[in-house]
2 protein chains.
Amino acid sequence: MEQVSVACATCAVRNQAICAALDSAELTALSRIRRHQHLSAGQTLAWEGDDAFVVASVTSGVLKLTKSLGDGREQIVGLAFPADFIGRPFHSKTTNTVTALTDTDICVFRRSDFENYASDHPQLERKLLERTLAELDRARDWMTRLGRKSASEKICSFLIDISERLSADTCIGATTADEFELPFGRQQVADILGLTIETVSRQLTALKRGGLIDLSGRRTIHILDRTPLVEAAETFA
Amino acid sequence: MEQVSVACATCAVRNQAICAALDSAELTALSRIRRHQHLSAGQTLAWEGDDAFVVASVTSGVLKLTKSLGDGREQIVGLAFPADFIGRPFHSKTTNTVTALTDTDICVFRRSDFENYASDHPQLERKLLERTLAELDRARDWMTRLGRKSASEKICSFLIDISERLSADTCIGATTADEFELPFGRQQVADILGLTIETVSRQLTALKRGGLIDLSGRRTIHILDRTPLVEAAETFA
DNA sequence: CGCAACATTGAGACATATCAAGGAGAGTGG
DNA sequence: CCACTCTCCTTGATATGTCTCAATGTTGCG
């Protein structure tokens with residue numbers, strides 16, 4: 001939870017995050033109400049149901065957004081990569097738990113400060129709106145995967161998806177789109193896809209045996225043959 | 001597809017839809033770029049993947065937003081009730097198919113007209129942002145239901161959910177929160193919950209036999225005992 | 001009344017979950 | 001550098017919930 005002072009001008013996501021809408025003078029004003037925060041892998045920023053005090057932009061790292069179901073069941077309902085916005089403006093309660101999957105740096109605002117600032121800067125709200133609409137699209141694709149795909153289709157479409165997100169320019173750690181390190185273990189893949197850890201493991205093994213992917217490290221995925229993987233993903237939308 | 005001229009002042013959702021952000025002078029300007037449109041039950045407004053020409057506000061009726069999976073599989077990823085906004089601003093393609101479930105009236109804008117107008121009216125964009133954030137919350141609850149709930153939990157949480165949405169003040173046709181008419185048949189309930197039509201039918205019959213609900217007409221649901229229904233829904237969030 | 005669409009019910013198949021055991025990697029301390 | 005441990009992952013055997021296929025029942029409409 002260390003707090004660092006870093007200039008926006010040198011920020012890795014300066015041109016991708018919602019602050020891309022602001023000029024340098026506006027950024028200076030914004031920087032007065034923000035602070036930097038580091039989260040270690042596994043650390044939780046906010047709990048579902050708690051009062052929503054803060055919102056943030058991700059500078060580096062990956063986080064998961066989760067919903068819990070009383071008994072241990074958990075569903076990952078979103079992932080936040082660099083430049084993504086997290087938190088719930090205009091609402092008093094946090095709607096999902098936010099946990100860092102890797103070491104993560106975020107740029108944090110008190111929710112009220114952010115809301116006030118945004119009210120005076122429509123272009124910032126516009127960026128946030130575009131980002132939220134895109135996230136909604138993503139959530140709906142994800143719903144289709146959860147509701148209508150078989151375990152193997154789920155795995156394949158997930159691998160395609162994540163390979164693309166990890167190789168986006170904001171993400172480091174991905175060499176090519178075809179070989180990458182997952183920022184999560186098997187249980188989390190299961191929580192993303194609505195499966196059990198054993199099914200995830202079996203499906204990955206099956207893909208490896210089928211020669212479509214290679215698994216070296218626990219979390220390393222190497223896509224050997226993308227075309228059949230895309231076909232097996234039943235990806236239409 | 002008849003086009004009617006109706007004043008915004010008398011619009012049923014004047015104070016609930018995003019246009020609640022506008023005063024009457026602004027509304028007059030807005031009314032120059034909008035037109036009213038009627039959709040019969042079953043009619044489709046836009047197809048997933050098509051160019052996104054229009055956006056709209058729902059005045060009356062219920063619509064479904066769907067994703068298709070090549071073979072017949074379909075997932076309903078959203079429902080639009082009166083005052084809800086449909087369409088995808090700031091994006092050239094329609095991201096899901098929009099189909100009327102009941103006879104429906106909508107207030108339609110060419111997407112480009114709407115975007116231009118919205119750019120000059122930040123309070124309109126703000127309303128749209130709030131609505132989109134709420135819709136994202138809803139989508140994520142829905143994901144949890146799809147990914148982690150059993151068939152009977154899915155049905156119970158769905159019934160609770162829909163009874164609340166149908167008794168909202170914008171919706172007619174719901175007498176009390178406890179007795180209401182579903183705006184969809186069994187297949188559509190199945191497409192909402194990621195189940196088959198047979199499983200939906202069996203689960204509803206089981207709830208009826210258990211004395212929790214009563215089924216009179218094909219689409220009429222009467223919640224007899226709400227408390228155990230809520231418990232069986234595993235509703236935490 | 002009679003048709004057509006929709007809904008229910010049953011029997012059996014199948015995919016995924018569950019339970020249980022064994023293996024592989026990464027980190028730690030000797 | 002090796003043994004030790006802990007955690008995570010894989011694999012197997014079995015159970016079970018939901019799907020599939022098929023038949024029958026029901027409702028509303030022309």
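Proteins get letters first, then strands, A, B, ... in listed order; numbering begins at 1 in each.
Between the P atom of D:dC8 and the CG atom of A:Leu215 lies a distance of 18 Å, rounded to the nearest Å. Computed from coordinates, the A:Arg148 CZ to C:dT16 C1' distance equals 16 Å when rounded to whole Å. To the nearest angstrom, C1' of D:dG17 lies 17 Å from CG of B:Leu146. Atom CZ of A:Arg219 is separated from atom C1' of C:dG25 by 12 Å (rounded to the nearest Å). Taking atom CD of residue B:Glu198 and atom C1' of nucleotide D:dA22, one finds them 10 Å apart after rounding to whole Å. One atom, CD1 of A:Ile221, and another, C1' of D:dC9, lie 13 Å apart when rounded to the nearest Å. Between B:Lys208 atom NZ and C:dA7 atom C1' the separation is 12 Å, expressed in whole Å. Across the protein-nucleic acid pair, A:Gln203 atom CD and D:dT11 atom P stand 12 Å apart, rounded to whole Å.
Here C:dT8 is the nucleotide among C:dT8, D:dT20, D:dC9 with the atom lying nearest to any side-chain atom of B:Ser201. The side chain of B:Arg218 has C:dC6 as its nearest neighbour among C:dT16, C:dT9, C:dC6. In this structure, the nucleotide among D:dA13, C:dT9, C:dT16 sitting nearest to the side chain of A:Ser150 is C:dT16.
Residues from residues 183-197 of chain A lying near DNA chain C, meaning a heavy-atom separation below 4.0 Å, are A:Gly194, A:Leu195, A:Thr196 in numerical order.
Remark: B:Thr199 is in phosphate contact with D:dC19, judged by side-chain N or O atoms under 4.0 Å from OP1 or OP2.
Counting atom types as modelled, A:Arg202 pairs a side-chain N or O with a base atom of D:dG12 as donor and acceptor under 3.5 Å.
When the nearest nucleotides of DNA chain D are assigned to B:Ser152 and A:Arg209 by heavy-atom distance, the more 5′-ward of the two goes with A:Arg209.
Residues B:Glu48 and B:Thr94 bring no donor and acceptor atom of their side chains to less than 3.5 Å of each other. Using modelled atom types, one finds a donor on one side chain and an acceptor on the other under 3.5 Å when comparing A:Arg145 with A:Ser157. Side-chain atoms of B:Ser57 and B:Arg34 form no donor-acceptor pair, as typed in the model, at a separation below 3.5 Å.
Look at B:Arg88 and A:Asp137 and you find a salt bridge, because one of the NZ, NE, NH1 or NH2 atoms lies within 4.0 Å of a carboxylate O, short of that distance. For A:Asp50 and A:Lys93, the salt-bridge test fails: no basic side-chain N is under 4.0 Å from an acidic carboxylate O.
Listed for the B:Arg138 side chain is no donor-acceptor partner under 3.5 Å among the backbone atoms of B:Leu79. A:Lys154 contributes a side-chain N or O that, together with a main-chain N or O of A:Leu193, makes up a donor-acceptor pair within less than 3.5 Å.
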